[in-house]
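Written below as structure tokens is the structure these notes are about.
In each ligand, atom 1 is the first atom listed, and ligand 1 is the first ligand listed. Hydrogens, waters and symmetry mates are skipped; everything else that's a heavy atom, side chains included, is used. Remember, it's a predicted structure, so these values are computed and weren't measured experimentally. Each residue takes its place number in the sequence, starting with 1.
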Amino acid sequence: MILVRQNYIPDLDCRLCHTRLSMTPAEKLAHQLHELSMNMWWAWNPTVIKLFRDIDPGAFRASKHNPLMVIKRLSRERLRELAADAAMRARVDRAHREFRAYVSPTSPTWAETHAAPLRVRPVAYFSAEFGIHESLPIYSGGLGVLAGDHLKTASDLGLALIAVGLYYRESYFRQHIDREGQQHAVYERAPTEYMCTTLRAGADGKPLVIDVPLGNERLLAQVWQVNVGRNQLLLLDTDVEGNSEENRRLAARLYFGDQRVRIRQELLLGVGGIRALRACGIDWSGLHLNEGHSAFATLEYARLRMIETGGTFADVAQDVAQSTVFTTHTPVDAGHDRFSPELVDEYLEPLRLSLRLSREDFLGLGRVRPQDAREALCMTVLAFKMSRYANAVSCLHGRVTRRAWQVLWPHHREDEVPVGHITNGVHVRTWLAPAMQEIYARHIGPDWADNLNEPKMWARIENVLDAELWETHRTLRANLVGFVRREVAAQRRSNGHGEEMILAAATALDPDVLTIGFARRFATYKRANLLFSDLERLERIVCNEERPVQVVFAGKAHPADRPGQEVLKTVVRASMLPELRSRIVFVEDYDINVARHLVQGVDVWLNTPRRPQEASGTSGEKVLLNGGLNLSVLDGWWAEAYDGLNGFAIGNGVCHVDQAEQDRRDGESLYRVLETEVVPLYYEQDDRGVPHGWVAYIKRAIRTLGWRFNTDRMLRDYVFECYLPSAGVHSSAMRR
Ligand SMILES: *Cc1c(COP(=O)(O)O)cnc(C)c1O
């Protein structure tokens with residue numbers, strides 16, 4: 001049995017609670033709140049979030065919505081005050097009871113019926129980033145948020161899953177933008193004592209430390225555990241005694257540093273991850289590699305199998321691949337890590353020797369042409385070769401992936417390349433505004449959240465009165481406007497803008513104007529500047545007297561991505577032009593918090609990638625059930641979602657060979673759709689201000705797309721298509 005060393009709060013010691021027969025009300029309250037704050041379950045339960053906020057609104061905001069920090073910093077007086085408040089005690093009791101019931105092993109779950117074979121041994125899910133909540137900043141963008149949503153859903157469905165990632169003490173980065181529109185990356189060290197993480201301990205009660213061979217060195221890492229509902233996430237942390245100064249900092253920052261840093265981080269994730277699982281006594285049913293970063297895990301697993309079976313690498317490789325699932329996430333070439341043979345020699349020699357492979361055979365595992373001595377080792381190739389189940393993340397991305405990697409299966413026709421697709425989804429309870437949850441509970445049914453994949457259930461959205469849906473949406477939009485004004489004014493103040501610009505921010509936007517949102521990483525293929533390709537035309541659209549439009553932007557460019565930062569500058573500068581600044585606003589430091597506000601309040605979500613480079617995209621899916629409409633290039637998930645009446649399309653799905661020409665056409669299409677479809681439909685309102693035609697689109701989007709583009713559907717697909725087969729179970733028997 002592995003002991004978990006808790007991070008006990010000195011003056012709210014929970015061991016006390018267990019040993020004492022009678023607790024004072026304040027002690028009991030502290031104990032319950034601490035237990036709640038130590039499991040990320042609260043992050044997808046709006047009533048519990050509200051509970052923590054109400055305990056100390058100022059501290060909640062200042063802590064970046066970190067319940068543990070709020071609880072740990074609570075004064076004794078405030079605690080006694082809360083304990084003396086019967087209503088507060090009842091709320092805490094209720095949340096605590098609900099939490100206990102949720103994590104109780106006896107509560108019935110979906111997985112019990114449909115994935116029983118997986119209950120014995122969990123799926124080991126590897127990802128370089130996890131976006132669970134803004135208070136745990138170990139993510140950069142869509143990949144991490146998807147991993148976070150995957151974890152939450154596995155927990156909701158009762159699917160046993162153990163996740164493995166890295167503990168980036170300084171996270172990705174915080175974004176500041178100066179008055180010239182230049183982005184600055186700021187790194188802050190996360191306060192470990194306020195993170196809801198506990199150190200895993202070994203049998204001797206001391207913190208568990210695993211080691212990973214890095215060439216001639218041994219890299220050490222300790223293992224933190226984060227509770228995510230019923231499941232756990234293990235995070236490897238190299239900031240431990242015994243490591244060189246350089247290695248202590250190895251995992252400090254996400255997607256930072258040169259190839260030497262990356263290959264060592266990826267060794268830590270893959271090899272270290274497997275070692276951590278073993279050291280924790282966890283036996284998995286299969287591995288799921290969320291993107292190629294963690295592909296070294298398959299080699300470490302093979303090494304263990306060789307020791308256990310006495311076989312050769314060739315003997316065990318089939319077994320390893322049989323139990324490995326690989327999800328590839330991007331058709332963009334720079335998104336596939338490649339390491340030179342020299343770098344591989346330098347760091348992977350010990351692993352290669354223990355696999356008893358020649359240099360050529362070893363490097364060949366990551367090469368398209370194994371004999372090509374100059375070819376680098378590509379993590380995506382390694383992951384494809386070492387997994388039996390590989391998938392892309394949308395239908396179109398599946399086609400693009402099969403074409404791009406057909407070289408790996410020279411005897412297959414393109415459409416026979418064994419890479420399928422499972423379209424990404426979003427975790428509904430994380431992203432849905434509480435007010436919309438109430439609408440669904442009222443009109444669709446109290447158990448709506450348990451039947452997310454039921455098309456018939458979503459059809460009941462047609463029963464909601466247009467006026468009610470619209471009224472709720474207006475309130476959400478007004479919330480967004482308030483949020484943006486507060487944030488941008490504060491940001492401009494701290495970035496040294498003059499009073500005029502600060503005031504402009506505080507009064508920017510109008511709660512009753514058609515509001516467009518655009519927020520994502522500023523990778524150039526996402527073309528955040530497409531809307532600015534014709535400034536005069538843009539001005540005519542946004543500043544129209546009768547039918548104005550306003551736009552909220554957010555997003556970070558990678559600190560090494562100069563072109564991305566230039567795009568960001570274009571957008572920020574346009575938002576500061578006197579003629580545009582009341583209608584176009586840029587919110588700094590895009591994160592899960594900013595995303596949540598945006599997706600819940602916008603009317604239209606704009607998405608302008610160069611087709612077919614957006615593998616899936618998920619932000620538009622977050623908007624959907626909140627009553628927003630998508631205006632998007634037919635790429636990623638939208639290419640399979642759009643039906644002509646459930647949102648808007650930019651372009652017709654045809655790609656021009658010349659990129660500049662394609663950009664020009666898409667820009668033209670974007671303006672035209674705004675002018676002739678979006679704006680007229682929105683402003684055709686009855687005398688009470690309800691746009692019935694627009695609301696019909698919203699309802700149709702919810703009805704036709706709600707049941708598909710969520711992680712409940714996605715997880716079930718993974719279970720039936722990948723997890724059960726990789727565990728050796730024929731999934732058709734489990735499907736209803
Ligand atoms: C959902 C989300 C993303 C993904 O955005 P896409 O452009 O749709 O891939 C990125 N970052 C954050 C913070 C998100 O919440």
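Side chain of T380 to main chain of H336: no donor-acceptor pair is present (N/O by atom type, distance under 3.5 Å, no hydrogens or angles). Under a 3.5 Å cut-off, the side chain of Q662 and the backbone N or O of R610 do not form any donor-acceptor pair. The closest donor-acceptor contact from the side chain of D149 to the backbone of H427 lies under 3.5 Å. N710 places a side-chain N or O within donor-acceptor distance of the main-chain N or O of R713, the cut-off being under 3.5 Å.
Considering backbone and side-chain atoms together, T618 places an N or O closer than 3.5 Å to an N or O of ligand 1. Looking at ligand 1, you'll find an N or O of K622 within less than 3.5 Å of one of its N or O atoms. Below 3.5 Å of separation, one finds no N or O of E614 facing any N or O of ligand 1. When only interatomic distances are considered, the shortest N/O to N/O separation between K526 and ligand 1 falls below 3.5 Å.
The minimum heavy-atom distance linking R611 with L634 is given by the pair NH1-O, 2.6 Å.
Residue contact check: A595 has heavy atoms under 4.0 Å from atoms 15 (O) of ligand 1. Close contacts of ligand 1 with G617, meaning ligand atoms under 4.0 Å from a residue heavy atom, involve 8 (O), 9 (O). For ligand 1, the atoms lying closer than 4.0 Å to a non-hydrogen atom of W431 are 15 (O). Listed by atom number, the atoms of ligand 1 under 4.0 Å from R520 heavy atoms are 7 (O). Of all atoms in ligand 1, numbered sequentially from 1 with element shown, those under 4.0 Å from a heavy atom of D591 are 13 (C). Taking every heavy atom of G141 and a limit of under 4.0 angstrom, the matching atoms of ligand 1 come to 10 (C), 11 (N).
Under the 4.0 Å criterion applied to side-chain N and carboxylate O atoms, R521 and D561 are not assigned as salt-bridge partners. E170 has a carboxylate O that lies under 4.0 Å from a charged side-chain N of R253, or vice versa, which qualifies the two as a salt bridge.
Between the side chains of N495 and E588, at least one donor N or O lies within less than 3.5 Å of an accepting N or O.
Looking at atom 6 (P) of ligand 1, its nearest protein heavy atom turns out to be S619 OG, 3.5 Å. G142 CA, 3.4 Å is the protein heavy atom nearest to atom 4 (C) of ligand 1. Among all non-hydrogen protein atoms, the one lying nearest atom 11 (N) of ligand 1 is Y590 CE2, 3.4 Å.
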For side-chain contact (heavy atoms from CB on, under 4.5 Å), just list the numbers for L645 and Y697, CA-CA rounded to whole Å, side-chain angles, deciding distance to a tenth of an Å, and then say yes or no. CA-CA 6 Å; L645 292 169; Y697 266 54; 3.7 Å; yes
